[in-house]
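Just so it is clear, the model here is predicted, and its values are computed rather than measured.
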Amino acid sequence: MKKYIPAIALACALQGGLVSCKVQAEGPKAGNPVFSGRYADPEGVIFDDKYWIFPTSSLPFDEQTSFDAFSSTDLTNWTKYENIIDTAEVKWAKRAMWAPSILRKDGKYYLFFGANDIYHDGEGGIGVAVADQPQGPYKDLLGRPLIDKIINGAQPIDQFVFQDKDGTYYMFYGGWRHCNVGRLKDDFSGFIPFDDGSLFKEVTPEGYVEGPFMFIRDGKYYFMWSEGNWTEDNYQVAYAIADSPMGPFKRIDTVLQSDERIGTGAGHHSVIFEPKSKRYYCVYHRHPVGSTDGNDRVVCIDEIRFDEQGYILPITITNEGVTANGL
C-alpha cells in the first residue's frame, strides 16, 4: 500500500483590487518511486481499466535474465507480476534482457525486448514474445531474434513499437548514438521494405544516444530519446516534433534531467496519455540521491505539460509524484 502524501493548490481571484487566495486540496499523491525495487527503462501503457508498467530488472547483466510487470487502477497501489518471461523461455537469450516494449493486437499481447548486449551480428538482438494477457506468461514468438544485425551503426536494443494513425506499425530502435526505424509486418515476424527496398532508415536526431519513444498530439509526432550515459548524472531526455513518423527530427530541447535534490540520471522514459483527464505522464527511471551504483535505478512518474504552442515544458521531477488518477 502506498503512503498518501497530501498536496495543496492555490485558487486565486481578484476582489476589490486585491488578490484573494485560498488553499484547495489537490488530492492524494502517488509518490516516487511508484513501487519498490531496482527497475529501469519503464514502458507505461493503459490496457482496459489498468495502468501497466513493464520495466527492466536493474541488475548486473548476467543476472538480468527475466522481466516483472506491474499494474494499478490509480497510479498509486501497484500489483507485481513476477517473471513474466525469462531466458529459460527465450533460448537464444543468454544474458541482459532489457528495455521491454508492449502492444496489444487482436486480443494478444506482444512484448518486444533486447537481449545479450549484442556487439557483433548474430550474437543476440531484439526479440518478440506473445501472451494472452498482459501479465503473461509470454512465449517466444519466433524462436530467434527479430533483428540480430548492427545496421547503420545502431546496436539492436531499446526498441519501441509505434502504431500510426493508418494502422502501420513502426519500430524505432538503436543504441550507440544511432536510431533506425522499420515498418513491421502485421504478424511481427519481420519488416516490410521501404520503396527503395531497404528495411531500415536511419532517423538519428542531434544528441541521440538510446531509448526512443513516440506519441501523437494534435496531429504532430513527438519523438523523444535519451542522451548521456545511463550510469551517470548527465542522463537526460530530449525531444523533437515532426509532421511524419519518419521525421525529419530536429532537436528542440531537453525536457527531463537530473535534480540533485530529488534524483539523478533521469531518463529512458515512456509516456502514458490518460484520455479521460487528458493528462500525459512521463514514466522514467532515476538514481536515488547519493547513489553511486549505476544499477541502482527506480521507476518514477511525473506529469508532462505543454505550452500554448504545443512545446513540452520542462518536466519537474518530484518525490511526491502525480495525483492519484483512477481509471
- Query: Would Glu210 and His268 count as having a side-chain donor-acceptor pair, cut-off 3.5 Å?
  - Reply: no
- Return yes if a side-chain donor-acceptor contact under 3.5 Å exists between Tyr284 and Asp302, otherwise no. yes
- Contacts of His269 meeting ring-ring contact (aromatic ring centres under 6.0 Å, His included) (sequence neighbours excluded), chain-then-number -> Phe213
- Query: For Tyr222, what residues pass the ring-ring contact (aromatic ring centres under 6.0 Å, His included) criterion, not counting sequence neighbours?
  - Reply: Phe215, Phe306
- Is Asp106 salt-bridged to Lys108, going by a charged N under 4.0 Å from an acidic O? no
- Between Tyr109 and Trp52, does the ring centre distance come in under 6.0 Å? no
- Query: Applying ring pair (Phe, Tyr, Trp, His ring centres under 6.0 Å), which residue pairs with at least one partner in residues 126-155 are found, sequence neighbours left out?
  - Reply: none
- Among Asp117, Ile85, Thr56, side-chain contact (heavy atoms from CB on, under 4.5 Å) partner for Met97: Ile85
What side-chain donor-acceptor pairs closer than 3.5 Å can you find for residues 144-153, not counting sequence neighbours?
from: Asn152; atom 1: ND2; to: Asn180; atom 2: OD1; distance (Å): 3.0

- Message: Let's go through Phe47 and Tyr51 carefully: what are the C-alpha distance in whole Å and the side-chain angles of both, what is the deciding distance for ring pair (Phe, Tyr, Trp, His ring centres under 6.0 Å) to 0.1 Å, and is it a yes or a no?
- Response: CA-CA 7 Å; Phe47 290 135; Tyr51 299 96; over 10 Å; no
- Query: With sequence neighbours left out, what residues match His285 under ring-ring contact (aromatic ring centres under 6.0 Å, His included)?
  - Reply: Tyr235
- Note on the structure: Taken in chain and number order and not counting sequence neighbours, the residues that satisfy salt bridge (Lys or Arg N to Asp or Glu O under 4.0 Å) with Arg177 are none
- So do Arg279 and Asn325 actually touch side chain to side chain, heavy atoms under 4.5 Å? yes
- Item | Working for salt bridge (Lys or Arg N to Asp or Glu O under 4.0 Å), residues Asp196 and Lys201 | CA-CA 10 Å; Asp196 63 1; Lys201 298 288 188 182; 2.3 Å; yes
- Query: If you measure only the distance, is there a donor-acceptor pair under 3.5 Å linking the side chains of Tyr311 and Asp253?
  - Reply: no
- Query: Is there a donor in the side chain of Asp86 and an acceptor in the side chain of Ser66, or the other way round, less than 3.5 Å apart?
  - Reply: no
- Tell me yes or no: between the side chains of Glu43 and Ser101, is some donor less than 3.5 Å from an acceptor? yes
- Item | Any side-chain donor near an acceptor of the partner, Ser291 and Asp293, under 3.5 Å | no
- Message: Do the side chains of Arg286 and Asp259 get close enough for a salt bridge, i.e. N-O under 4.0 angstrom?
- Response: no
- Asp48 with Arg104: basic N within carboxylate O range, under 4.0 Å: yes
- Just checking, any donor-acceptor pair under 3.5 angstrom between side chains of Arg297 and Ser58? yes
- Query: So, Asp140 and Lys91, do they make that salt bridge, N to O below 4.0 Å?
  - Reply: no
- Message: Here's a test for you: under side-chain contact (heavy atoms from CB on, under 4.5 Å), which of Tyr169, Phe194, Phe191, Phe200 qualifies with Arg183?
- Response: Phe194
- Query: Are the charged groups of Glu274 and Lys276 less than 4.0 angstrom apart, N to O?
  - Reply: no
- Message: What I want to check is whether the side chains of Ser57 and Tyr39 have a donor and an acceptor closer together than 3.5 Å.
- Response: no
